[in-house]
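In what follows, a structure is listed as structure tokens, so that the remarks can point back to it.
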Amino acid sequence: MKGVRELNLEQGRPSVDQALGWLEAELEAARKMNTPLMKLIHGYGSSGKGGRLRTACRTWLRQQELCFLPGEEFSIFNQEARRWLALCPRLRQDRDLDAENRGVTYVLLKK
């Protein structure tokens, strides 16, 4: 399997609508390139209460019925995360494994 594609949605401090448009376009490009998984960097909000980008991205992913894993659940102790690690072994090298990072979300593009 090919590697993980990373998308930093915080870059340039876009509005939520701009970030979601960018997310949609990048997910489509990743699918066309047969990328199995995408890592979204959206931050968790300076208030620590969730952040607009984080909330909007995860809501949009749910609405699109895409399979995603919040960064705070990306742990070798999480059964779903272990399934993802088996599907894409390169994820074991990800710096956020076991970091409980609320500022990232992983999106599975191939099951």
Side-chain angles (χ1 to χ4, degrees):
M1 281 187 141
K2 294 180 182 177
V4 178
R5 186 171 177 151
E6 193 171 285
L7 174 62
N8 186 343
L9 291 168
E10 292 183 302
Q11 189 173 6
R13 301 181 55 92
S15 69
V16 168
D17 287 340
Q18 289 171 323
L20 291 179
W22 190 16
L23 170 59
E24 186 173 11
E26 289 294 320
L27 284 173
E28 184 59 32
R31 280 190 194 105
K32 287 180 181 177
M33 293 172 41
N34 292 320
T35 302
L37 195 133
M38 192 158 209
K39 179 180 180 178
L40 309 178
I41 301 170
H42 45 61
Y44 59 88
S46 58
S47 68
K49 295 180 182 175
R52 293 178 306 133
L53 282 181
R54 173 185 166 200
T55 303
C57 286
R58 291 181 180 178
T59 298
W60 186 86
L61 292 168
R62 265 187 224 95
Q63 290 170 344
Q64 303 304 309
E65 298 180 355
L66 291 169
C67 187
F68 69 93
L69 184 67
E72 59 270 26
E73 297 176 18
F74 184 49
S75 166
I76 60 169
F77 300 105
N78 179 296
Q79 184 176 358
E80 184 66 6
R82 285 195 307 269
R83 185 175 78 84
W84 289 39
L85 290 166
L87 288 169
C88 188
R90 290 195 64 190
L91 269 180
R92 290 196 177 277
Q93 300 167 4
D94 191 281
R95 67 185 172 275
D96 289 310
L97 180 60
D98 292 321
E100 298 181 16
N101 187 347
R102 296 175 295 147
V104 300
T105 298
Y106 299 84
V107 182
L108 190 61
L109 300 172
K110 289 189 167 200
K111 295 183 181 185

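Since this is a predicted model, take the numbers as computed values, not measurements.
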Legend entry - Nearest heavy atoms of Q11 and P14, plus distance in Å: O-CD, 3.4 Å
Legend entry - Closest heavy-atom pair and its distance - W60, L27: CZ3-CD1, 3.5 Å
Legend entry - Separation of D96 CG from Y106 OH (nearest 0.5 Å): 4.0 Å
Inset, instruction - Locate the shortest heavy-atom distance separating I41 from E6; write the atom from each residue and the value. - result: CD1-OE2, 3.4 Å
Legend entry - side-chain contact (heavy atoms from CB on, under 4.5 Å) assessment of F74 paired with V104: CA-CA 10 Å; F74 184 49; V104 300; over 6 Å; no
Inset, instruction - First locate atom CG of N34, then atom CG of L109, and finally report the distance between them rounded to the nearest 0.5 Å. - result: 10.0 Å
Inset, instruction - Find the distance between CG (L53) and CD (E10) and round it off to the nearest 0.5 Å. - result: 7.0 Å
Inset, instruction - Can you see which heavy atom on R92 is nearest to which on L97, and at what distance? - result: O-CD2, 3.8 Å
Legend entry - Residue pairs involving residues 24-36 (criterion salt bridge (Lys or Arg N to Asp or Glu O under 4.0 Å); sequence neighbours excluded): R5-E26, E28-R31
Inset, instruction - Scan residues 72-82 for pairs that pass salt bridge (Lys or Arg N to Asp or Glu O under 4.0 Å), counting only residues two or more places apart or in two chains. - result: R54-E72, R58-E72, E80-R83
Inset, instruction - Starting at CG of L40, measure out to CZ of F68 and round the result to the nearest 0.5 Å. - result: 10.0 Å
Legend entry - From CZ (R90) to CG (L85), nearest 0.5 Å: 13.5 Å
Legend entry - D98 to S75 - nearest heavy-atom pair and separation: OD1-OG, 2.8 Å
Inset, instruction - Side-chain contact test, heavy atoms from C-beta onward, threshold under 4.5 Å: evaluate it for W84 versus P89 and give yes or no. - result: no
Inset, instruction - Could you tell me which residues satisfy side-chain contact (heavy atoms from CB on, under 4.5 Å) with A56, sequence neighbours excluded, listed by chain and number? - result: V16, L20
Legend entry - Shortest non-hydrogen separation from L87 to L108 and the atoms involved: CD1-CD2, 4.0 Å
Legend entry - Heavy-atom side-chain contact between K39 and D94 under 4.5 Å: yes
Legend entry - Member of V107, T105, L23 meeting the side chain to side chain contact (heavy atoms under 4.5 Å, CB included) criterion with C57: L23
